[in-house]
Amino acid sequence: MQMIDPAYAITPPPLGGLNTEFTGLLAAKRSRLNFDDECRFFQNQWLRAARAGMMSLVPLEEVQAEFMKAPKLGLSYDPSKMQAFCIAHFDDAEGYYRPRFYLGYKGMYHFIAQDKNITLTHTELVFENDVFIDKGPNAIPEHSRKLNANHRGNIIGGYSYSLLAKSNFVICTILGAETMQQIEVGCVNNGSQAWTGPFVNEMRKKTVTRRHFNDLLPVLDLSVELEDSNIVEPTGFELEYASHGRE
């Protein structure tokens with residue numbers, strides 16, 4: 001079993017042996033991804049984490065399996081597209097970092113928009129002066145807000161819901177103020193300038209939608225099994241909005 005040793009971070013994990021499988025997948029999906037480009041994007045992100053001491057000795061097969069999750073979903077590792085990333089995920093059970101495919105926000109919306117099981121997905125933030133009634137995980141909340149945005153008060157949470165196509169069944173995810181604050185503090189502490197700028201509410205909406213995507217997994221038509229660490233990092237750090245998530 002070949003191992004990838006991050007002590008030699010100038011040597012990226014070899015992926016050339018996956019060319020045939022990669023090309024076959026893309027032909028089936030009619031995707032325009034380029035194998036050499038995707039290898040380079042993935043390896044650069046792996047190297048960035050390895051040079052920071054955040055990749056452990058793992059089997060090559062594990063690295064390759066994580067790499068292949070994106071093409072199996074028709075997504076690119078191009079950091080400018082924010083569809084898929086290679087990150088270092090700390091495995092609490094094993095006590096070391098492992099390479100992980102991480103679903104970018106735009107990759108997540110790619111599935112929601114194209115999945116035939118989903119008719120509509122909508123995300124909103126809730127502020128302290130809004131009228132909000134939580135009607136449970138399978139109903140759309142009652143929510144009304146003041147017309148003047150300056151009179152809405154502080155943010156107290158957010159919600160996202162999806163309407164299923166055949167049954168009109170609703171799946172709703174609600175995040176409270178404490179969870180939102182933990183995520184925001186984690187992102188700011190990790191150097192994400194987007195969380196301290198004028199578009200912070202958009203970042204909050206994306207966070208709510210990401211949690212909602214996790215709740216949608218049972219009904220989404222995915223061609224690869226995703227783990228929690230492929231979607232939500234336990235630290236609340238949204239990788240694609242931090243500087244070290246880009247080339």
Side-chain angles (χ1 to χ4, degrees), residues 73 82-83 85 102-190 192 194-222 226-242:
L73 296 169
M82 295 196 293
Q83 292 183 345
F85 297 89
Y102 188 67
L103 183 62
Y105 174 72
K106 290 187 178 180
M108 176 191 65
Y109 252 114
H110 168 86
F111 291 114
I112 293 177
Q114 296 192 8
D115 196 288
K116 295 180 180 179
N117 294 323
I118 307 295
T119 299
L120 168 72
T121 294
H122 185 70
T123 303
E124 287 283 355
L125 299 179
V126 182
F127 294 80
E128 59 185 348
N129 293 330
D130 293 354
V131 176
F132 179 78
I133 301 176
D134 180 358
K135 301 179 72 174
N138 301 122
I140 301 173
E142 292 184 18
H143 181 205
S144 61
R145 56 189 184 184
K146 293 185 177 296
L147 295 179
N148 190 329
N150 295 326
H151 295 166
R152 296 184 68 187
N154 296 320
I155 186 170
I156 60 171
Y159 65 94
S160 185
Y161 66 85
S162 291
L163 184 64
L164 303 193
K166 294 182 179 179
S167 62
N168 286 331
F169 188 77
V170 173
I171 297 177
C172 182
T173 305
I174 297 176
L175 263 66
E178 182 177 353
T179 301
M180 295 281 285
Q181 186 176 24
Q182 288 176 349
I183 294 169
E184 188 165 339
V185 169
C187 293
V188 171
N189 289 343
N190 278 283
S192 179
W195 283 87
T196 58
F199 302 108
V200 63
N201 282 342
E202 288 304 309
M203 302 304 298
R204 291 164 172 162
K205 277 189 174 183
K206 291 174 182 179
T207 299
V208 176
T209 307
R210 180 175 290 282
R211 269 61 182 176
H212 180 57
F213 182 85
N214 209 18
D215 289 342
L216 285 179
L217 282 182
V219 301
L220 292 175
D221 184 19
L222 298 178
L226 297 179
E227 305 173 26
D228 287 346
S229 58
N230 294 139
I231 303 166
V232 179
E233 275 293 274
T235 59
F237 176 33
E238 305 290 8
L239 173 106
E240 65 261 44
Y241 311 121

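We're numbering straight along the sequence, starting at 1. Note that the coordinates shown come from a computational prediction; the quantities given were computed from them, not determined experimentally.
- Across Leu226, Asn117, Ile118, a single residue satisfies side-chain contact (heavy atoms from CB on, under 4.5 Å) together with Leu220, and that is Ile118.
- When all heavy atoms of Ile174 and Pro141 are compared, the pair lying nearest together is CD1-CG, 4.5 Å.
- Rounded to the nearest 0.5 angstrom, Glu128 CD and Asn154 CG are separated by 4.5 Å.
- A donor-acceptor contact shorter than 3.5 Å is absent between the side chain of Asp115 and the backbone of Ile112.
- Ion pairing between a basic and an acidic side chain is recognised when a charged N comes within 4.0 Å of a carboxylate O; Glu142 and Lys135 show such pairing.
- Electrostatic pairing of Asp130 and Arg152 counts as a salt bridge here, judged by a charged N lying under 4.0 Å from a carboxylate O.
- No more than 12 heavy atoms of other residues, nucleotides or ligands lie within 6.0 Å of CD in Gln181, so this atom counts as exposed by the packing criterion.
- No side-chain heavy atom of Met108 sits under 4.5 Å from any side-chain heavy atom of Gln83.
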Checklist entry - So Ile171 and Leu216, side-chain contact (heavy atoms from CB on, under 4.5 Å) or not? Walk me through it. => result CA-CA 7 Å; Ile171 297 177; Leu216 285 179; 3.9 Å; yes
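- How far CG of Asn230 is from CZ of Phe85: 13.5 Å, rounded to the nearest 0.5 Å.
- Looking only at side-chain heavy atoms (C-beta outward), Thr207 and Arg204 stay at 4.5 Å or farther from each other.
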Start with the C-alpha gap between Arg210 and Tyr105, add the side-chain angles, then the distance that decides, and say whether side-chain contact (heavy atoms from CB on, under 4.5 Å) holds. CA-CA 7 Å; Arg210 180 175 290 282; Tyr105 174 72; 4.0 Å; yes
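- Taking CG of Leu103 as the reference point, atom OG of Ser229 lies at 11.5 Å (rounded to 0.5 Å).
- For His143 and Tyr159, the ring centers sit closer than 6.0 Å to each other.
- Under 3.5 Å, the side chains of Thr123 and His212 contain no donor-acceptor pair of N or O atoms.
- With rounding to the nearest 0.5 angstrom, the CG atom of Asn129 is 11.0 Å from the CG atom of Asn148.
- Going from atom CD1 of Ile140 over to atom SG of Cys172 covers 8.0 Å, rounded to the nearest 0.5 Å.
- Under the 3.5 Å distance criterion, the side-chain polar atoms of Thr209 are matched with a main-chain donor or acceptor of Lys205.
- Side-chain contact between Thr119 and Leu164 is absent, with no heavy-atom pair separated by less than 4.5 Å.
- Side chain to side chain, Ser160 and Thr173 fail the donor-acceptor criterion of an N or O pair below 3.5 Å.
- Taking 4.5 Å as the limit, every side-chain heavy atom of Val126 sits out of range of all side-chain heavy atoms of Ile155.
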- I would like to know whether Leu217 and Ile231 meet side-chain contact (heavy atoms from CB on, under 4.5 Å); could you show each step before the answer? CA-CA 10 Å; Leu217 282 182; Ile231 303 166; 3.5 Å; yes
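- Distance check: Lys206 NZ to Arg211 CZ gives 14.0 Å after rounding to the nearest 0.5 Å.
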Practice problem: Carefully, step by step, assess Asn138 and Phe169 under the rule side-chain contact (heavy atoms from CB on, under 4.5 Å). | Solution: CA-CA 7 Å; Asn138 301 122; Phe169 188 77; 3.1 Å; yes
